[in-house]
Amino acid sequence: MNTVTIYTDGACKGNPGPGGWGALLSAGATEKELFGGERETTNNRMELTAVIEGLAALKKPCVVHLYLDSEYVRKGTTEWIHGWKAKGWKTAAKQPVKNADLWQKLDTLVHQGVHQIHWHWVKGHAGDPGNERADALANRGVPGR
């Protein structure tokens, strides 16, 4: 299987407000930049969308090293989602899971067994070159910028 590195990030101007997402995919010397946005959204939705779009862009099974600065997405996918699913997409407080539509899309991409995904948290705005590029892509995706 090919090994792919993906850096993702989300940005929002106001929360809620116009937002963007960005993903930088690299495999060897090949790179692909993806970005997009929505006029009325939240930062968490853009963080989730960046990961979804990055993984959805892969055309065949890969070993994926996924770097993101969102603990919300990383912990949600690796820890919390199992409980949410068991409770019918409700939180421990019996409230509906926020962004359940995106969590369900991400769950399908992550847990369908096609990719071997290794999750890596990086500190945002701390000089990591891949994270800085993903942040720039997310900002490019913000509508009206």
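Both backbone and side-chain heavy atoms feed into the values below; hydrogens, waters and symmetry mates do not. In this text the structure is predicted, and so the values were computed from the model without any measurement.
- Residue V122 is not grouped with residue L48 when hydrophobic side chains (ILVMFWY) are merged at heavy-atom distances under 4.5 angstrom, including chains of intermediate members.
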| field | R133/D9 under side chain to side chain contact (heavy atoms under 4.5 Å, CB included): CA gap, chis, key distance, verdict | value | CA-CA 9 Å; R133 286 185 62 193; D9 204 3; over 6 Å; no
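- Between H111 and I117 there is no side-chain heavy-atom pair separated by less than 4.5 Å.
- Side-chain contact between D128 and K123 is absent, with no heavy-atom pair separated by less than 4.5 Å.
- To the nearest 0.5 Å, atom CD of residue Q104 and atom CG of residue N99 are 11.0 Å apart.
- A single hydrophobic cluster is not seen to contain both W119 and V114; linkage of ILVMFWY side chains at heavy-atom distances under 4.5 Å, directly or through other members, places them apart.
- Using a distance-only test at 3.5 Å, with no hydrogens or angles considered, a donor-acceptor pair links the side chain of E132 to the main chain of G127.
- Of the candidates Q116, H118, H65, H65 is the only one forming a side-chain contact (heavy atoms from CB on, under 4.5 Å) with T3.
- A single hydrophobic cluster is not seen to contain both I52 and V142; linkage of ILVMFWY side chains at heavy-atom distances under 4.5 Å, directly or through other members, places them apart.
- Judged purely by atom type and a 3.5 angstrom limit, H115 uses its side chain to pair as donor or acceptor with the backbone of C62.
- Side-chain atoms of K90 and P96, non-hydrogen and from C-beta on, do get closer than 4.5 Å to each other.
- Shown are T8, L34, V51; of these, the side-chain contact (heavy atoms from CB on, under 4.5 Å) with W21 is made only by L34.
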| task | Could you walk me through whether T49 and M46 pass the side chain to side chain contact (heavy atoms under 4.5 Å, CB included) test, one step at a time? | result | CA-CA 5 Å; T49 299; M46 292 296 92; 4.0 Å; yes
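- The aromatic rings of Y67 and H120 lie parallel to each other, their planes meeting at an angle below 30°, with 60° marking the opposite boundary.
- Checking each of P16, S70, C12 against N43 for a side-chain contact (heavy atoms from CB on, under 4.5 Å) leaves exactly one that passes, namely C12.
- Under 3.5 Å, the side chains of K13 and N139 contain a donor-acceptor pair of N or O atoms.
- Distance check: Y72 OH to T42 OG1 gives 7.0 Å after rounding to the nearest 0.5 Å.
- Connection of Y7 to L137 is established within a shared hydrophobic cluster, with ILVMFWY side chains joined at heavy-atom distances below 4.5 Å, either directly or through further cluster members.
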| task | Could you please spell out the steps behind the side chain to side chain contact (heavy atoms under 4.5 Å, CB included) verdict for I81 and L106? | result | CA-CA 10 Å; I81 201 164; L106 183 56; over 6 Å; no
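- In the hydrophobic cluster analysis, where Ile, Leu, Val, Met, Phe, Trp and Tyr join through side-chain heavy atoms closer than 4.5 angstrom, W89 is grouped together with L102.
- Here L68 contributes atom CG and R74 contributes atom CZ; the two are 7.5 Å apart, rounded to the nearest 0.5 Å.
- Contact annotation: the side chain of E47 approaches that of D69 to within less than 4.5 Å [non-hydrogen atoms, C-beta and beyond].
- We find the CD-CG distance between Q112 and D107 to be 9.5 Å, quoted to the nearest 0.5 Å.
- Side-chain contact between L58 and I6 is present, with heavy atoms from C-beta onward closer than 4.5 Å.
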